Amino acid sequence: GNAQYIPGATLNGQSPTSSPADLNPGQPGVDFISTTGSVVLPFPPGITPILVEVSLPTTTTTNVIQIIVVVTASDGTILFTGQSPNDNSNTVTGFPVTPLPEGSTITVTFVTANNQPAENVTLSVIAVHTDNCSDDRDNWHTHCHINWIIDGIIDRIIDGIIDRIIDRQQ
């Protein structure tokens with residue numbers, strides 16, 4: 001399977017030479033010019049993901065030693081806050097095992113070893129989501145297309161899981 005980049009990332013406090021495409025693993029990464037730099041990832045309309053992991057892949061050398069992940073609902077309610085362990089793993093897990101409400105966003109901020117702006121930041125977001133769900137009340141079927149959003153480490157996902165369709169009888 002191919003990695004699916006989550007579109008619409010907003011960079012705050014980045015270098016003028018950095019763009020959201022630089023966040024993709026295998027790219028050079030984003031350099032920030034502010035110590036309060038952040039990445040905001042909105043989920044597209046109709047997407048209600050179950051987050052699995054947010055991390056900085058080890059494909060670039062970065063000065064980031066910890067990441068902080070905040071998930072916010074469209075009404076501004078904070079649904080989750082997590083910080084990676086202080087072990088340079090730059091990985092946050094432990095998200096709720098329920099779908100996030102439609103319109104949720106992920107905000108990632110950075111702690112650096114030298115209290116300088118973050119450098120060479122790439123981002124991996126692994127989430128399961130259901131979309132294209134339609135409730136056919138005449139037949140009492142719910143058809144949901146299960147996809148994996150993978151922005152990053154695709155070797156962890158078995159190709160056969162991608163694009164599986166579940167037909168669930170109600």
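What you see is a predicted model, and the numbers here were worked out from it, not measured in a lab.
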Trace of the side chain to side chain contact (heavy atoms under 4.5 Å, CB included) decision for Thr77 with Leu79: CA-CA 6 Å; Thr77 303; Leu79 303 172; 4.3 Å; yes

Candidate pair Val54 and Val108, rule side chain to side chain contact (heavy atoms under 4.5 Å, CB included), full reasoning: CA-CA 9 Å; Val54 176; Val108 183; 4.0 Å; yes

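The shortest side-chain heavy-atom distance between Val125 and Leu51 falls under the 4.5 Å cut-off. Contact check for Asn115 versus Thr35: no side-chain heavy atoms found under the 4.5 Å cut-off. Counting heavy atoms from C-beta outward, Val39 and Val30 have side chains that stay 4.5 Å or more apart.
The OG atom of Ser124 sits 11.0 Å away from atom CG of Leu23, with the distance rounded to the nearest 0.5 Å. In this structure, the separation between CG on Leu56 and OG1 on Thr122 is 5.5 Å, given to the nearest 0.5 Å. Taking CZ of Phe43 as the reference point, atom OG1 of Thr48 lies at 10.0 Å (rounded to 0.5 Å). Between atom CD of residue Gln27 and atom OG of residue Ser18 there is a gap of 11.5 Å, rounded to the nearest 0.5 Å.
Listed by chain and residue number, Gln83 satisfy the side chain to side chain donor-acceptor pair (under 3.5 Å) test with Gln66 (two or more places apart in sequence, or in another chain). Residues passing the side-chain contact (heavy atoms from CB on, under 4.5 Å) test with Thr10 are Asn12, Val40, sequence neighbours excluded.
The two residues Ile33 and Pro16 make their nearest non-hydrogen contact at CD1-CD, 4.5 Å. Contact between Pro20 and Leu11 at its shortest, heavy atoms only, is N-CD1, 3.6 Å. The minimum heavy-atom distance linking Leu41 with Ala9 is given by the pair CD2-CB, 3.4 Å. Nearest heavy-atom pair, Pro28 versus Asp22, reported as atom, atom and distance to 0.1 Å: CG-OD1, 4.1 Å.
The side-chain hydrogen bond (donor to acceptor under 3.5 Å, both in side chains) pairs that include a residue from residues 89-106 are Asp87-Ser89, where partners are two or more places apart or lie in different chains. Residue pairs meeting the ring pair (Phe, Tyr, Trp, His ring centres under 6.0 Å) criterion with at least one member in residues 97-128, sequence neighbours excluded: Phe32-Phe110. Within the structure, ring pair (Phe, Tyr, Trp, His ring centres under 6.0 Å) pairs that include any residue of residues 74-94 comprise Phe80-Phe95 (at least two apart or interchain).
Within the 3.5 Å criterion, the main-chain N or O of Thr61 finds a donor-acceptor partner in the side chain of Asn120. Between the Asn63 side chain and the Glu119 main chain, a donor and an acceptor come within less than 3.5 Å of each other. With hydrogens and angles disregarded, no donor-acceptor distance shorter than 3.5 Å links the side chain of Thr112 to the backbone of Pro117.
Cluster partners of Ile68 are Ile65, Val70, Ile78, Val111, counting Ile, Leu, Val, Met, Phe, Trp and Tyr whose side-chain heavy atoms approach within less than 4.5 Å, directly or via other members.
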